[in-house]
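Numbers restart at 1 for each chain; the letters A, B, ... are given by sequence-line order, proteins then strands. The figures here come from the full heavy-atom set of this structure, side chains too, leaving out hydrogens, waters and symmetry mates. Here the structure is a predicted model, which is why all the values come from computation and not from measurement.
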Amino acid sequence: MLHDMYTVIGNAIRETTGTDDALLTDGGEHADLASTIAFALAKQKKQAPVKIAQDLAAELTKNPALAGVTIEAKGPYLNFIFGSAYVSEVLRAAVRPGYGNLPKKTVRVVLEHTSANPNGPLHVGHIRNSIIGDTLARAFRKAGYPLEVQYYVNDMGRQIAIVVWGFDNLDSTQIEGEKEDAHIARVYIAANQEIQKDEGITQQVNVLMQLIENGDPATVRKFRKEVSRCLDGFKVTMKDLNVAHDRFVWESDFIRNGDTERIVNKLKEMPQAREEETLALDLSEFGFENKYVIRRSDGTSVYAARDLAYHAWKGANFDRVIDVLGADHKLIGAQLQCTMKLLGERVPEIVHFEFVSLPEGSMSTRAGKFVSADDLITEIRKRAFDEVTARRPELEEETRKSIAESVGLAAIRYDIVKVSPEKSTVFDWKDALDFERQSGPYIQYAHARACSILDKVESFTECFDLETEQEIALAKQIARFPMVIDSVVTELRPHILATYARELADTFNTFYHFEPVLRSEGAVRNRRLTLVKAVQNTLKEALETLGIDAIHTM
RNA sequence: GGGCCUGUGGCUUAGCCUGGAUAGAGCGCCGGGCUUCUAACCCGGAUGUCGGGGGUUCGAAUCCCCCCAGGCCCGCCA
């Protein structure tokens, strides 16, 4: 819709001026779309931009393809203002279920996110990965892509060996009511403290790592058991966060099925291979200073080898491979991409996000320095319940509890997804527990308001002809939604959707305060009810794409 | 030491890729609005050397170079 207008107007400008780029941008407060083409043509035509803009406006107004669009020159700017037909068309589309869905695609996408090491609970840094990843996943589905979401289970790393060593050698009884992942973390932290005191333990851990690499059945069972327990804990947390994976892929499977060995053999044949005690790749010709180590001198594979095998498998089964990874993986991510390219395999696209730290410094599972996602969820639900109880004391306790869960989820997800991924953040309890403007609950509230209006009418005749400035502004905001979804998947930046949903809520709230709906009559009432229905539907679709419940009352 | 990312009112942040109309918002501050469709809201006000310096351009928060500050990375860890 907006996209169609963009194309039509862009083509008209290109045809009329003979340029390649129509220099079309958002018109902001001045227009729906605007072009700065007059500046670009000034030198070539040896005329003032203002004159060029005037001439072009006159010329374009005659173009039948642009019928219904008001074209005016404001100084050197060419402004395009869409007419009522556009607004009606937007409204007709926006009241239908699934508004914002884009045409079905055939490109199969695999998206990997979270993939935290199973050595302790998910903390507020990990869930930035989960929430960026899950929001992207929802946007991809909305954009019509067949998608599989995977969690890569690092079940054979050193940390897991340390966990297993702890269970074998320390007092590791589970405390009553203790969650599995919290239990694992406690043992992991204790084991690391022992390692600090006694270096001999490292040797015992190394032995465990060789046993797991060689597939020693007893060791495999022990590793699987603790990793599975930790994952069970993760699954509870992720369910609370409305984050879902289609498949959990175990790293050790790529050793067992021979994929790692096969890819290591291919790597050996590369001109960049350096086989001494270790097997490594020299990628210095591509700007990587350090060697990319594939195999240790004792013959065991390192993470990179298994990761290459995993990515080769993904590349063989999907058309696009996308990974969501923390900024600490930038270098190895780039080395992975470089190596995949050299192997002639499909190169993964990597979405990086910067770190979340605590006011006192970086988080560390090993040192026990972290705020767990579970603690955050518990705290925010408590706060949300108090808030709901204060506002809606008449509701049943069960209803208030349910609303509090949805509000808490919205607050957490929105607080995290709204920030651009390249910005590092410091976790702040006050900001995380905020339910006011620029928050998830604020957007939910706008949606609940729209629902409340619609609940109060039996039926109405849909009317798509808007009149007032506020009505039209709201419809034009609604019109942007499909293009926003497209931008999210094209740019792999989910915070665009967060910003959009908030702006739509802002526009609706302003409309709400200036334009009575139920208290108006006749055609005015009908068209405003239609508009409220459209905004309710768009907010619902946007919230659900953000993984937030579009609740009807709060 | 090298590489990547970030630096926008007191605080948090959008805009930067793809240069253009008075840099947009929230919190906090000041003032106003609930017998009214849900005030988790709305309206108005004060607050900005867009880290600093140079350059490109008719035009720079946006592009290029240098510098400063912070984060992350540079392992036979993952």
Side-chain angles (χ1 to χ4, degrees), chain A residues 21 23 25 27-31 34-36 38-40 42-43 49 74-77 79 115-117 119 154 156-160 209 251 277-280 287-291 293-304 306-307 326-332 334 352-355 357 362 384 387-388 390-392 407 411 418-426 428 430-431 434-446 448-457 491 493 495-496 498-499 502-503 505-506 509-510 512-520 528-529 532 553-554:
Chain A
D21 189 347
L23 298 173
T25 57
E29 62 195 289
H30 309 282
S35 171
T36 55
F39 289 107
K43 201 175 284 178
K74 264 246 177 70
Y77 298 92
N79 288 339
S115 303
N117 285 322
N119 57 352
N154 304 129
M156 50 187 307
R158 175 168 293 273
Q159 327 79 349
I160 310 309
M209 290 181 70
E251 184 181 5
E277 297 202 327
T278 62
L279 172 65
F288 297 101
E289 286 175 17
N290 60 328
K291 286 194 172 171
V293 178
I294 304 297
R295 201 187 58 205
R296 298 188 184 95
S297 54
D298 67 0
T300 58
S301 59
V302 298
Y303 174 82
R306 281 107 60 179
D307 207 24
D328 53 337
H329 286 64
K330 274 188 184 176
L331 178 61
I332 55 157
H352 286 291
F353 63 92
E354 291 289 330
F355 262 47
S357 58
S362 320
E387 198 73 28
V388 177
R391 291 164 192 279
R392 303 294 300 276
V407 166
K418 73 179 179 189
V419 183
S420 324
E422 64 271 16
K423 228 123 186 171
S424 54
T425 64
V426 177
D428 181 323
K430 187 179 149 286
D431 288 346
D434 185 11
F435 302 145
E436 300 197 334
R437 287 197 71 164
Q438 302 205 337
S439 76
Y442 168 81
I443 302 163
Q444 283 179 310
Y445 188 74
R449 257 184 171 167
C451 288
S452 171
I453 293 175
L454 296 170
D455 282 348
K456 288 185 172 61
V457 289
E491 299 177 35
R493 291 166 72 76
H495 81 283
I496 296 171
T499 304
R502 196 211 76 224
E503 285 172 351
D506 286 344
N509 279 331
T510 303
Y512 177 91
H513 282 277
F514 287 99
E515 310 274 35
V517 179
L518 297 176
R519 281 175 285 118
S520 54
R528 287 187 184 164
L529 279 167
V532 170
T553 185
M554 61 189 283

Original post:
A:Arg296 versus A:Met209: any side-chain heavy-atom pair under 4.5 Å?
Top reply: yes
**OP:** Would you mind reading off the distance between A:Ile496 atom CD1 and B:rU18 atom P, rounded to a whole angstrom?
**Re:** 15 Å
Subject >> Considering all heavy atoms, the nearest A:Ser357-A:Ser362 contact >> reply: CB-CA, 4.2 Å
Original post:
What one-letter contact string describes nucleotides 73-78 of chain B from 5' to 3', where B marks a base within less than 4.0 Å of any protein heavy atom, S marks contact via sugar-phosphate atoms alone, and - marks no contact?
Top reply: SS-BSB
**OP:** Could you tell me whether the side chain of A:Ser439 and the main chain of A:Tyr442 form a donor-acceptor pair under 3.5 Å?
**Re:** yes
**OP:** Evaluate the side-chain proximity of A:Leu331 to A:Phe288: yes if any heavy-atom separation is below 4.5 Å, no if none is.
**Re:** yes
Subject >> Euclidean distance, atom NE2 of residue A:His30 to atom P of B:rG20 [Å, nearest integer] >> reply: 12 Å
Original post:
What distance do A:Leu529 atom CG and A:Ser520 atom OG have between them, rounded to the nearest 0.5 Å?
Top reply: 7.0 Å
Original post:
Side chains of A:Glu422 and A:Arg493: does their closest heavy-atom pair fall under 4.5 Å?
Top reply: yes
**OP:** Begin with the C-alpha distance, continue with both residues' side-chain angles, and end with the deciding distance and a verdict on side chain to side chain contact (heavy atoms under 4.5 Å, CB included) for A:Glu354 and A:Lys330.
**Re:** CA-CA 10 Å; A:Glu354 291 289 330; A:Lys330 274 188 184 176; 3.1 Å; yes
Subject >> From CD (A:Gln438) to CD1 (A:Ile443), nearest 0.5 Å >> reply: 9.5 Å
**OP:** Let me have a per-nucleotide readout for nucleotides 29-35 of chain B, 5' to 3', with B, S or -, counting only protein heavy atoms under 4.0 Å.
**Re:** -------
**OP:** In whole angstrom, give me the gap between the C1' atoms of B:rG70 and B:rG51.
**Re:** 11 Å
Original post:
Can you check whether A:Asn154 reaches A:Arg306 side chain to side chain, under 4.5 Å on heavy atoms?
Top reply: no
Original post:
Counting only side-chain N and O atoms of A:His495, is one of them less than 4.0 Å from OP1 or OP2 of B:rG15?
Top reply: yes
Original post:
Donor-acceptor pair, A:Arg392 side chain versus A:Met554 backbone, under 3.5 Å?
Top reply: yes
**OP:** Determine: side-chain N/O of A:Arg449 to OP1/OP2 of B:rA39, distance under 4.0 Å, yes or no.
**Re:** yes
Original post:
Which value, in whole Å, describes the distance between the P atoms of nucleotides B:rG2 and B:rC66?
Top reply: 11 Å
Subject >> Atom C1', compared across B:rU56 and B:rC29: separation rounded to whole Å >> reply: 42 Å
Original post:
Which of the following nucleotides, B:rU22, B:rC37, B:rC17, is nearest to the side chain of A:Glu491?
Top reply: B:rC17
Subject >> Rounded C1' spacing from B:rG3 to B:rC41 in Å >> reply: 48 Å
Subject >> Contact under 4.0 Å: A:Lys418 side-chain N or O vs B:rU13 OP1/OP2 >> reply: no
Original post:
Quick one: A:Asn79 CG to B:rG20 P, roughly how many Å, whole number?
Top reply: 14 Å
**OP:** Write down the distance separating the P atoms in B:rU22 and B:rC5, rounded off to the nearest Å.
**Re:** 31 Å
Original post:
Does the side chain of A:Tyr512 come within less than 4.5 Å of A:Ile453's, by heavy atoms?
Top reply: yes
**OP:** Using the C1' atom on both, measure B:rU13 against B:rA23 and round to a whole Å.
**Re:** 13 Å
Original post:
Between atom CG in A:Asp428 and atom C1' in B:rG26, what is the gap in whole Å?
Top reply: 14 Å
Original post:
Would you say A:Tyr77 stacks on B:rA21, if stacking means ring centres under 5.5 Å apart and planes within less than 30 degrees?
Top reply: yes
**OP:** For residues A:Phe435 and A:Glu387, determine if any side-chain heavy atom of one lies less than 4.5 Å from a side-chain heavy atom of the other.
**Re:** yes
Subject >> G-U wobble or Watson-Crick pairing nucleotide for B:rA60 (cut-off 3.5 Å, both distances) >> reply: none
Original post:
Looking at side-chain heavy atoms only, is the closest gap between A:Ile294 and A:Thr278 below 4.5 Å?
Top reply: no
**OP:** Report yes if some heavy atom in the side chain of A:Thr553 is under 4.5 Å from a heavy atom in the side chain of A:Asp455; otherwise report no.
**Re:** no
Original post:
Once each nucleotide of nucleotides 4-11 of chain B is scored for protein heavy atoms under 4.0 Å, what B/S/- sequence comes out, 5' to 3'?
Top reply: SSSS----
Subject >> N/O (side chain, A:Thr25) to phosphate O (OP1/OP2, B:rG20) under 4.0 Å >> reply: no
Original post:
Which part of the nucleic acid, if any, lies within contact of A:Val388, taking any heavy atom under 4.0 Å across all strands shown: a base, the sugar-phosphate backbone alone, or nothing?
Top reply: base
Subject >> N/O donor-acceptor pair, side chain A:Asn509 with base B:rA39, under 3.5 angstrom >> reply: no
**OP:** Measure from CG on A:Leu23 to P on B:rU18 and round the result to the nearest Å.
**Re:** 13 Å
Original post:
Base, sugar-phosphate, or nothing for A:Ala42, non-hydrogen atoms under 4.0 angstrom?
Top reply: nothing
Subject >> Partner nucleotide of B:rA21 by Watson-Crick or wobble geometry (both distances under 3.5 Å) >> reply: none
**OP:** State the pairing partner of B:rA69; accept Watson-Crick or G-U wobble contacts with both distances under 3.5 Å, and report none otherwise.
**Re:** B:rU6
**OP:** Could you measure between the two C1' atoms, the one in B:rU12 and the one in B:rG31, and give it in whole Å?
**Re:** 24 Å
Subject >> Nearest-Å distance for atom pair NZ/P, residues A:Lys430 and B:rG26 >> reply: 15 Å
Original post:
What integer distance in Å separates A:Tyr512:OH from B:rA39:C1'?
Top reply: 9 Å
Original post:
Between A:Arg502 and A:Arg519, which is nearer to the 5' end of RNA chain B once each is assigned its nearest nucleotide?
Top reply: A:Arg502
Original post:
From B:rA21, B:rA14, B:rG20, pick the nucleotide closest to the side chain of A:Thr499?
Top reply: B:rA14
**OP:** Return the value, rounded to whole Å, for the distance between atom NE2 of A:His352 and atom P of B:rC72.
**Re:** 16 Å
Subject >> C1' spacing across the pair B:rG48 / B:rG10, given as an integer number of angstrom >> reply: 12 Å
Subject >> Centroid distance under 5.5 Å and plane angle under 30°, A:Phe39 vs B:rG20 >> reply: yes
Original post:
Can you check whether A:Thr510 has a side-chain N or O nearer than 4.0 Å to OP1 or OP2 of B:rC43?
Top reply: yes
Original post:
Mind checking who B:rC11 pairs with, Watson-Crick or G-U wobble, both distances under 3.5 Å?
Top reply: B:rG26
**OP:** Quick one: label A:Gln444 by what it contacts on the DNA or RNA (base, sugar-phosphate, nothing), any heavy atom closer than 4.0 Å.
**Re:** nothing
Subject >> A:Asp506 bridged to A:Arg502 by N-O distance under 4.0 Å >> reply: yes
Original post:
Does A:Gln438 or A:Tyr442 map to a spot on RNA chain B nearer the 5' end, using the closest nucleotide for each?
Top reply: A:Gln438
